Every structure is written in structure tokens, then in C-alpha cells.
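In this text the structure is predicted, and so the values were computed from the model without any measurement. Both ligands and their constituent atoms are indexed starting at 1 by order of listing. Count residues from 1 along the sequence.
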Amino acid sequence: MLVNSKKLFDSALREGYAIPSYNINNLEWVRYILEACNEDKSPVILAVTPSSIKYFGGYKIVTNIVKCMIEELNIKIPVVLHLDHSKNFISCKKAIDAGFTSVMIDASDKSFEENISITSQVVNYAKNKEVSVEAELGNFDFSSAGSSYVYSDLEQSKDFVYRTGIDSYAPVIGNIHGLYDGDEKLNFELLGAICKEVKVPLVLHGASGLDENKLRTAIFCGVTKVNINTELMCAWSSKVKEYINNNKEIYDPRKIISSGEDALKEVIHCKNNIIGSKNKL
Ligand SMILES: [Zn+2]
């Protein structure tokens, strides 16, 4: 069943676990992620970036693929269909109109006031349609440059969440997209302080590659949604590459693509276990 994230976040906050958000990068991944989470009895957020929407062919194609898979595969868990890192109001509107149940507006590259204005526009459009809105302040993609890690400002975070009325907030606490070099400097103290001040569920982007201890600490400090993409990509692609290298005579795309299925599902089972969403239904 497609749902918005509100109820899922409420239960997760109450019980001290997080909802996993996995990016769907193609049709096969939708099935793998739904099956793995259904087996784990874990609620799940299926995240789609604007570039993945282009890859699939359009917003409605994504919505219909997800809805049909839920029905045909007899998926019993609640599923959120989420637009990830949308840079403008138009793509949020398109996603909402196509049946997405959650959107992230990422105007973090704009000025503080512009970010508030664009985010508020999305919140106004989404709220009558029961769609959840996530937004970001600071910028994850600038937070990996050597010693100049980026951290969201506490007072600005408070102001931003209050003035926009968003449902969940993605602060930057030294987290980055992609792979960490092993020397990540997450500021959990800041995370805890933001959690106390903003009073909405917090989202951890760039959770790929964080060890069990760091993930659990982040959840303890108030994180309710954990975003994982790179780790799935690495697990899936390394298995597919290995399969192609060992089976040079195979040309059936179904065999090649599905050779990464087990590796991808294994990462999902492992993450659901760590963040505590397993067996929560
Ligand atoms: Zn992100």
C-alpha cells in the first residue's frame, strides 16, 4: 500500500528506529527492494531522483510500476514513493500530481530566504494532497572537500523548519553523498541539538558506508529516515561485473541484471536490521 511518511515517522520516533530509504535506479531494483523489505516486515521509502525519473521515462511510469509491483507481488508493507533531491517546484508538482506520496525539495544551493520561499511553495501545494515534504539546509555535495566539512547552523535550522512547515528536515552534519574516505566527521552533538530544537523527524543523507555504531548513534540522536543508495550500487555492480567476467558467453540481459539481485538484497536485510525497521509491522 502506498502511504505518506507521516505515520511511519511517528511510529519510528516513538520506538527509536528509522525508516530505510532506498533509491530505485531501474525496474528490477523496485522488485528487489520491495521483496527484501516485505520479507523483513519493514516499512520502506522508495526514493527516485529526477535523473532516475528521466531514466524510467516519466513520473507516471514510476508510480505505475511501483503500484503494480505492490499489487502483483502481494507486497504487504507500507511503501512511500518519494522524490529525492528535486531542485524546483515544478518537478515536485509533477511528482505529486503523478501520485508520489512524499517529495524532497532541495533548494540548498539557493540563499536562505530563497530556500524558504521555494520550500514553502512546495509545502503549500503538498499539504492539501496529504503528501509529505522534506527539505535541506546546507549542501551535502559541498561537504566532502577536505577539512571544510559543512554543518547546518542550529538557529537557521530552527527558523527554516518553523517558517516552511516541512514534515521532515535533512541537516548537514558532515555527511556526504557517495563513498566516505574512512575519516568522516559526523557531528552527533549538533544532530542532537537540532533534533531538540526543530521537533520534526530528521533525515540522514549519505548513510552508505557508515558503520553500525554511527548509524545507531544517528538514530539515537533523532534521525528517523536513513538514505542509502551508493552502498546498493556498489554491491549490485560488483556482482554483475564479476558475473560478466566469469560468464563471457552469456548475452541474456535478464541473467546479467539479476546476477546482482542477491547482493543487493543482502545489503537491504543488513541495513533493515541495523536501523531497527525489521519486524516492525
Ligand atoms: Zn541525498
Side-chain angles (χ1 to χ4, degrees), residues 5 8-9 12 18-26 29 33 44-56 62 80-88 91-92 95 100-110 115 118-119 122 131-145 149-152 157 160-161 164 166-181 184-187 190-191 194-195 198 200-210 214-215 218-219 221-236 267-268 271 275 277:
S5 46
L8 301 187
F9 286 162
I19 310 292
S21 174
Y22 300 117
N23 283 69
I24 47 175
N25 287 296
N26 61 21
W29 281 38
I33 296 168
V44 69
I45 296 169
L46 300 181
V48 203
T49 58
S51 63
S52 292
I53 301 229
K54 233 187 209 171
Y55 182 80
F56 274 100
V62 176
V80 175
L81 179 56
H82 173 77
L83 178 66
D84 197 19
H85 289 287
S86 161
K87 303 301 280 184
N88 54 59
S91 56
C92 288
F100 279 53
T101 54
S102 173
V103 292
M104 176 198 190
I105 174 69
D106 172 6
S108 60
D109 54 343
K110 303 279 193 303
N115 191 348
I118 298 168
T119 303
V122 175
V131 170
S132 321
V133 180
E134 173 187 331
E136 168 187 340
L137 191 61
N139 196 313
F140 305 111
D141 293 319
F142 291 130
S143 55
S144 57
Y149 282 89
V150 171
Y151 300 93
S152 297
S157 297
F160 181 70
V161 173
T164 55
I166 50 174
D167 302 290
S168 58
Y169 173 54
V172 188
I173 53 149
N175 45 330
I176 58 166
H177 287 131
L179 297 170
Y180 290 93
D181 61 5
E184 63 270 11
K185 293 183 172 54
L186 302 192
N187 186 340
L190 174 66
L191 184 65
I194 290 174
C195 177
V198 302
V200 293
L202 299 182
V203 179
L204 184 67
H205 283 247
S208 287
L210 296 179
K214 288 200 170 84
L215 280 177
I219 294 163
C221 293
V223 162
T224 310
K225 171 176 176 256
V226 170
N227 288 12
I228 294 166
N229 186 26
T230 308
E231 218 169 322
L232 298 183
M233 286 176 160
C234 292
W236 180 84
V267 175
I268 290 175
K271 297 298 169 187
I275 68 169
S277 63

Results of ring pair (Phe, Tyr, Trp, His ring centres under 6.0 Å) for H82 - residues two or more places apart only: none
Which residues share a side-chain hydrogen bond (donor to acceptor under 3.5 Å, both in side chains) with T164, sequence neighbours left out: none
Looking at residues at least two apart in the chain, or sitting in another chain, which of them share a side-chain hydrogen bond (donor to acceptor under 3.5 Å, both in side chains) with S168? none
Closer than 2.8 Å to the Zn ion (ligand 1), which protein N, O or S atoms? H85 NE2, H177 NE2, H205 ND1
H85 vs D106, side-chain hydrogen bond (donor to acceptor under 3.5 Å, both in side chains): CA-CA, chis, key distance, verdict: CA-CA 5 Å; H85 289 287; D106 172 6; 2.8 Å; yes
So F160 and Y169, would you call those rings parallel, tilted or perpendicular, with 30° and 60° as cut-offs? tilted
Among side-chain atoms of N227 and H205, is any donor-acceptor pair under 3.5 angstrom? yes
